[in-house]
Amino acid sequence: MRRIAGFFLTWVAGGALAVESVIPLDDVDIDVFDKQSLRRGAETYANYCQGCHSLKHLRYSRMAHDLKVDEATLEREFLKGQAKPQDSMLSAMHAADGEAWFGVAPPDLSLIARSRPPDWLYSYLRGFYLDASRPTGVDNAFYRQVAMPNVLAGLQGTQRPVVKKGGGVEAIVDLKQMTPGSLSPEEFDAVVADLVNFLVYASEPAQLDRLRIGKYVIVLLIALAVALYRLKKEYWKDIA
Ligand code: HEC
């Protein structure tokens, strides 16, 4: 009984901590054939995300081949420490350390774009706002009480929530810029869009081949349909 009461108490207390957010997701355009966008996204990933998150299903060599990253760039921008081209894009951080530091181990992001839609990822990465009650100093409008710090704050600047009260409930309805980052809001949005594009690619590198082959298959099927139609006309010419 006490355990049940305890559960409800923490539940109520937990609920009271964070105001709900009703901000809708922002749309992002994904184009996995835009190699430049994917390369920019991969560099942002290597510089800002790989310190904590791994991409265990993606090898450097595969990424370099798919995104047309030359050897010198791969060496300079991506292969840090002991990493070799045939290695998976792992993080240098151990899961146990991550758990000790953040309370939750930063998850592997190989398949994140399958469990989270691109619009969510785009909104989430732009959705951090200042909250002094959190250990990291920030919370996220799309992932309440998140354990991840706002690693892109230097580029984005800081945001504060716009809270509306009505009918006894409070909700976050918008985020407003507090201090500027090194990028303008438009530039920052473009950086995040490229990053999400890269995560969508990383969640299924074979989709590049699949989509490209798919186009050929459709062209081939149309050509075949035309040929068959002509053949049919030829056969029936004398009968009908
Ligand atoms: C300092 C370590 C750290 C860095 C750097 C970092 N993250 Fe995280 N990230 C975390 C932690 C910890 C979590 C788990 C949050 C939770 O579950 O509360 C997380 C969670 C996430 C999630 C949500 C996963 C889910 O469960 O749905 C996404 C997406 C994500 N990170 C993307 C990124 C991207 C993209 C970058 C680079 C811009 C990045 N992270 C950089 C620590 C980090």
Side-chain angles (χ1 to χ4, degrees), residues 10 14-15 17-21 23 25-28 30 32 37-58 60 63 67 77-78 80-81 83 88-131 133-159 175 181-183 185 187-205:
T10 37
L17 270 177
V19 182
E20 279 313 306
S21 158
I23 307 177
L25 294 181
D26 274 320
D27 297 335
V28 63
I30 294 301
V32 288
S37 158
L38 291 182
R39 279 199 295 269
R40 287 192 299 263
E43 286 200 12
T44 306
Y45 176 85
N47 291 331
Y48 292 95
C49 316
Q50 206 175 354
C52 294
H53 294 281
S54 56
L55 287 174
K56 65 181 175 199
H57 295 313
L58 187 61
Y60 291 100
M63 187 271 298
L67 275 50
E77 306 283 338
F78 293 97
K80 314 254 161 80
S88 298
M89 296 181 67
L90 298 180
S91 169
M93 193 167 76
H94 292 292
D97 289 339
E99 204 168 332
W101 291 334
F102 306 108
V104 196
D108 184 85
L109 295 182
S110 305
L111 302 176
I112 193 69
R114 297 205 201 172
S115 57
R116 301 283 201 183
D119 288 352
W120 186 89
L121 291 169
Y122 180 67
S123 304
Y124 166 71
L125 291 168
R126 294 155 60 256
F128 290 90
Y129 64 85
L130 296 178
D131 181 343
S133 72
R134 304 284 309 146
T136 54
V138 288
D139 202 344
N140 191 292
F142 303 93
Y143 192 146
R144 313 300 291 143
Q145 306 190 26
V146 72
M148 175 170 144
N150 185 9
V151 296
L152 298 176
L155 306 178
Q156 182 187 26
T158 55
Q159 304 189 104
L175 297 176
S182 61
L183 300 180
E187 286 168 338
F188 179 69
D189 288 354
V191 164
V192 177
D194 289 336
L195 179 57
V196 173
N197 202 18
F198 171 71
L199 290 175
V200 170
Y201 151 76
S203 72
E204 195 199 349

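Numbering of ligands and ligand atoms starts at 1, following listing order.
Aromatic ring orientation, Trp120 versus Tyr124: parallel (interplanar angle below 30°, classes split at 30° and 60°).
More than 12 heavy atoms of other residues, nucleotides or ligands sit less than 6.0 Å from atom CZ of Phe102. Within 6.0 Å of NZ on Lys56 lie no more than 12 heavy atoms contributed by other residues, nucleotides or ligands.
Looking only at heavy atoms of the protein, atom 29 (C) of ligand 1 is closest to Leu121 CD2, 3.5 Å. In this structure, atom 32 (C) of ligand 1 lies nearest to the protein heavy atom Leu109 CD1, 3.7 Å. Closest to atom 18 (O) of ligand 1, if we only count protein heavy atoms, is Ala147 N, 2.8 Å. Protein heavy atom in closest approach to atom 2 (C) of ligand 1: Cys52 SG, 1.9 Å. Taking atom 28 (C) of ligand 1 as the reference point, the nearest protein heavy-atom neighbour is Tyr124 CE2, 3.4 Å. The protein non-hydrogen atom at the shortest distance from atom 17 (O) of ligand 1 is Tyr143 OH, 2.6 Å. Atom 35 (C) of ligand 1 has as its closest protein heavy atom Cys49 SG, 3.5 Å.
Scanning Arg116, Glu99, Met148, Gln145 for the heavy atom closest to atom 25 (C) of ligand 1 points to Arg116. For atom 14 (C) of ligand 1, the candidate residues are Pro107, Gly41, Gly103; the nearest heavy-atom contact is made by Pro107.
Under 4.0 angstrom from ligand 1, there are no non-hydrogen atoms of Thr44.
Side-chain N or O atoms of Gln156 include one that pairs as donor or acceptor with a backbone N or O of Arg126 at under 3.5 Å. Side-chain N or O atoms of Arg134 include none that pairs as donor or acceptor with a backbone N or O of Ala147 at under 3.5 Å.
Met63 and Phe198 get closest at one heavy-atom pair: CG-CE1, 4.1 Å. Of all heavy-atom pairs spanning Ser54 and Ser91, the tightest one is CB-N, 3.5 Å. Residue Pro106 comes nearest to Gly98 through the heavy atom pair CD-CA, 3.8 Å, listed as atom of the first residue, atom of the second, then distance.
Which parts of ligand 1 touch Val146 is read off a 4.0 Å heavy-atom cut-off, strictly below it: atoms 15 (C), 18 (O). Remark: ligand 1 atoms within the under-4.0 Å shell around heavy atoms of Ile112 are 24 (C), 25 (C), 27 (O), 29 (C). Using a 4.0 Å cut-off to heavy atoms of Val151, the atoms of ligand 1 that qualify are 4 (C), 5 (C), 38 (C), 41 (C). Interface of Leu125 with ligand 1, defined as ligand atoms under 4.0 Å from a residue heavy atom, comprises 34 (C), 35 (C). Residue-ligand proximity, Leu195 to ligand 1, at heavy-atom distances under 4.0 Å covers atoms 35 (C), 38 (C). Those atoms of ligand 1 with a heavy atom of Val104 less than 4.0 angstrom away are 12 (C), 17 (O). Atoms of ligand 1 lying under 4.0 Å from at least one heavy atom of Phe102, given by number and element, are 1 (C), 2 (C), 12 (C).
Remark: distances from the non-hydrogen atoms of Gly98 to ligand 1 are all 4.0 Å or more. A heavy-atom separation below 4.0 Å is not found between Gly51 and ligand 1.
Within His53, the N, O or S atom lying nearest to atom 8 (Fe) of ligand 1 carries the name NE2.
Centroid-to-centroid, the aromatic rings of Phe78 and Tyr60 stay 6.0 Å apart or farther.
Legend: residues meeting ring pair (Phe, Tyr, Trp, His ring centres under 6.0 Å) with Tyr122, ordered by chain and number and at least two apart, are absent.
Looking at Leu195, Leu152, Val151, Leu199 one by one, the single match for side-chain contact (heavy atoms from CB on, under 4.5 Å) with Cys49 turns out to be Leu195.
Ser123 and Asp26 are not linked by any side-chain donor-acceptor pair at a separation below 3.5 angstrom, with hydrogens and angles left out of the test.
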